[in-house]
Amino acid sequence: KRWRLRHFAFRDDTAAIALLGAVEKYLKEQSKTLKIEQNLAENEKGLEFYVANGFVQEGVLMNHFRLGERCIVLGKSLP
């Protein structure tokens with residue numbers, strides 16, 4: 001299965017790490033193999049956080065959210 005996080009917002013890294021950890025734990029219980037995908041607008045904060053927590057940039061989409069704006073596609077596969 002492919003899982004996509006939507007509207008995953010946080011105020012600080014401590015809350016974000018706890019929330020991401022809980023999501024990953026839950027998903028591991030639901031599926032033997034899985035992939036989490038997160039899309040960020042190029043001007044959103046958080047890219048460094050996701051990369052530091054195992055996500056890799058898998059692509060760039062043009063005009064995905066707004067005309068003239070790039071969308072960064074991030075993914076993380078879990079065993």
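Because the structure is predicted, anything quoted here is derived from the model rather than measured.
- Side-chain heavy-atom separations under 4.5 angstrom define the hydrophobic clusters, and the remaining members of the one that includes Val73 are Leu61.
- Checked against side chain to side chain donor-acceptor pair (under 3.5 Å), Glu44 has no partners two or more places apart in sequence or in another chain.
- Taking CG from Asn39 and CG from Leu74, the interatomic distance works out to 7.5 Å, rounded to the nearest 0.5 Å.
- Both Ile36 and Tyr26 are part of a single hydrophobic cluster, where members link through side-chain heavy atoms under 4.5 Å apart.
- Distance check, rounded to the nearest 0.5 Å: CD of Glu24 to CD of Glu29 gives 12.5 Å.
- Phe65 and Val60 are not part of a single hydrophobic cluster, where members link through side-chain heavy atoms under 4.5 Å apart.
- Between atom CG of residue Asn53 and atom CG of residue Asp13 there is a gap of 8.0 Å, rounded to the nearest 0.5 Å.
- Under the rule for a side-chain contact (heavy atoms from CB on, under 4.5 Å), the partners of Asn63 that lie at least two apart in sequence or sit in another chain are Leu67.
- Separating the CZ atom in Phe49 from the CD1 atom in Ile17 is a distance of 5.5 Å, to the nearest 0.5 Å.
- The CD atom of Glu42 lies 9.5 Å from the CZ atom of Arg66; values are rounded to the nearest 0.5 Å.
- Linking Ile, Leu, Val, Met, Phe, Trp and Tyr residues whenever their side-chain heavy atoms come within less than 4.5 Å places Leu40 and Val23 in a single cluster.
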- Task: Please report the C-alpha distance between Leu78 and Leu27 in whole Å, then the side-chain angles of each, then the deciding distance to 0.1 Å, and finally whether the side-chain contact (heavy atoms from CB on, under 4.5 Å) criterion is met.
- Result: CA-CA 9 Å; Leu78 299 172; Leu27 294 177; 5.6 Å; no
- Task: I would like to know whether Phe55 and Ile72 meet side-chain contact (heavy atoms from CB on, under 4.5 Å); could you show each step before the answer?
- Result: CA-CA 11 Å; Phe55 285 77; Ile72 310 301; over 6 Å; no
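- Residue Lys35 comes nearest to Ser77 through the heavy atom pair CG-OG, 4.0 Å, listed as atom of the first residue, atom of the second, then distance.
- Contact check for Val51 versus Val56: no side-chain heavy atoms found under the 4.5 Å cut-off.
- Under the 3.5 Å distance criterion, the side-chain polar atoms of Lys76 are left unmatched by any main-chain donor or acceptor of Tyr50.
- The two residues Glu69 and Asn43 make their nearest non-hydrogen contact at OE2-OD1, 3.4 Å.
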